[in-house]
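Hydrogens, waters and symmetry mates play no part in the numbers below; they use all other heavy atoms, side chains included.
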Amino acid sequence: MADTRAFLDEVGRWAAGDTGGDTAGALSVSLGLRTAVLLEGPSDHAAVEALAAARGRDLAAEGVCVVSMGGAMSIARYAELLGPPGLDLRLTGLCDVREQGFYERGLRRAGAPDQDFFVCVADLEDELIRALGTARVEEIIEAEGDLRPWQTFLNQPAQHGRPRHQQLRRFLGTKKGRKIRYGTLLVEALDGARVPAPLEDLLGSL
């Protein structure tokens with residue numbers, strides 16, 4: 001049986017302009033896919049997968065593929081390929097409030113409903129920081145051995161006087177791979193009652 005990684009690789013090539021629709025379609029059927037979760041980037045992907053794992057769910061076995069689009073501007077392209085005009089999968093996902101209108105237009109052009117997309121106020125990292133509280137996030141940073149880089153970051157003039165949650169959100173994006181790693185770590189630290197609403201609603205819709 002085909003694996004989800006092969007499908008995602010094929011969809012990535014297809015979205016980049018290579019011919020790959022037939023192969024992606026065949027893999028979709030082989031995998032029994034019914035839903036595509038469209039996410040802006042790999043940190044969101046890591047968070048969704050981490051929450052699903054914490055809930056004991058195997059999304060791939062449920063016919064759900066989680067797709068990192070490589071940027072919000074790709075929504076129209078992925079909706080066209082994976083939604084009604086293409087593989088006709090049900091589409092859902094997360095978006096940031098500043099990009100909500102862009103998502104709505106892209107989904108509308110693809111003939112896909114937008115009510116299954118859940119909106120983060122700033123982004124998912126901001127939602128997770130507010131859910132956990134800044135003190136808990138700083139504890140996680142220290143436990144991960146990132147205390148010194150965090151303290152160095154705080155000493156930068158641009159960070160002086162900024163709210164702590166904004167400093168934390170910016171810090172997570174200052175090094176390649178950090179947002180992905182902390183996307184998993186912050187979700188794993190959540191109390192079930194404090195899961196951010198967009199993430200909770202997304203998983204509940206699957």
Side-chain angles (χ1 to χ4, degrees), residues 12 37-55 57 59 66-75 78 92-106 114 116-206:
V37 180
L38 302 183
L39 301 171
E40 181 176 345
S43 62
D44 293 348
H45 189 290
V48 170
E49 294 279 15
L51 183 59
R55 299 283 175 83
R57 295 184 59 177
L59 295 182
V66 183
V67 182
S68 176
M69 299 185 296
M73 297 300 181
S74 298
I75 181 63
Y78 277 87
T92 186
L94 296 171
C95 71
D96 303 341
V97 69
R98 65 182 178 275
E99 291 153 352
Q100 186 175 3
F102 187 76
Y103 270 65
E104 289 172 349
R105 290 188 294 275
D114 59 32
D116 291 334
F117 279 74
F118 304 96
V119 182
C120 300
V121 173
D123 54 25
L124 186 54
E125 287 77 26
D126 177 68
E127 296 277 356
L128 290 167
I129 291 166
R130 286 190 287 110
L132 285 166
T134 57
R136 180 69 182 108
V137 176
E138 290 189 77
E139 289 175 359
I140 296 168
I141 287 172
E142 183 173 3
E144 287 298 301
D146 284 334
L147 182 58
R148 181 170 292 180
W150 168 236
Q151 291 172 336
T152 299
F153 173 81
L154 290 177
N155 286 328
Q156 295 176 0
Q159 300 307 317
H160 295 172
R162 297 186 71 194
R164 193 59 128 204
H165 75 277
Q166 291 183 10
Q167 292 171 331
L168 285 163
R169 178 171 169 251
R170 180 70 186 94
F171 174 73
L172 296 184
T174 55
K175 181 179 178 181
K176 184 177 181 180
R178 182 178 284 155
K179 283 180 69 173
I180 301 171
R181 180 161 60 97
Y182 278 91
T184 298
L185 291 168
L186 297 185
V187 167
E188 290 176 345
L190 286 169
D191 182 313
R194 295 187 299 180
V195 175
L199 190 56
E200 185 70 79
D201 292 345
L202 172 63
L203 197 66
S205 76
L206 301 177

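Formation of a donor-acceptor pair under 3.5 Å by the Ser43 side chain with backbone atoms of Gly183 is not found in this model. Arg57 places a side-chain N or O within 3.5 Å of a backbone atom of Leu206 that can act as its donor or acceptor partner. The backbone N or O of Gly70 lies less than 3.5 Å from no partner atom in the side chain of Ser74, so there is not a single donor-acceptor pair. Glu127 places no side-chain N or O within 3.5 Å of a backbone atom of Ala197 that could act as its donor or acceptor partner. Under a 3.5 Å cut-off, the side chain of His45 and the backbone N or O of Leu39 do not form any donor-acceptor pair.
For Asp146, the side-chain hydrogen bond (donor to acceptor under 3.5 Å, both in side chains) partners are Arg181, Tyr182, not counting sequence neighbours. With sequence neighbours excluded, the residues satisfying side-chain contact (heavy atoms from CB on, under 4.5 Å) with Gln167 are Trp150, Phe153, Leu154, Gln159, Arg162, Arg164. For Ser205, there are no side-chain hydrogen bond (donor to acceptor under 3.5 Å, both in side chains) partners, not counting sequence neighbours. Taking Glu99 as the reference, nothing meets the side-chain hydrogen bond (donor to acceptor under 3.5 Å, both in side chains) condition, with sequence neighbours excluded. Not counting sequence neighbours, Glu40 has no partner by the salt bridge (Lys or Arg N to Asp or Glu O under 4.0 Å) test. The side-chain contact (heavy atoms from CB on, under 4.5 Å) search around Arg169 returns Arg98, Ala122, Asp123, Asp126, Ile129, not counting sequence neighbours.
Val195 places none of its side-chain heavy atoms less than 4.5 Å from the side chain of Leu203.
Under the 4.0 Å criterion applied to side-chain N and carboxylate O atoms, Glu200 and Arg55 are assigned as salt-bridge partners.
Within a 6.0 Å radius of CD in Gln156, other residues, nucleotides and ligands contribute more than 12 heavy atoms.
The shortest heavy-atom contact between Leu132 and Arg194 is O-NH1, 4.0 Å.
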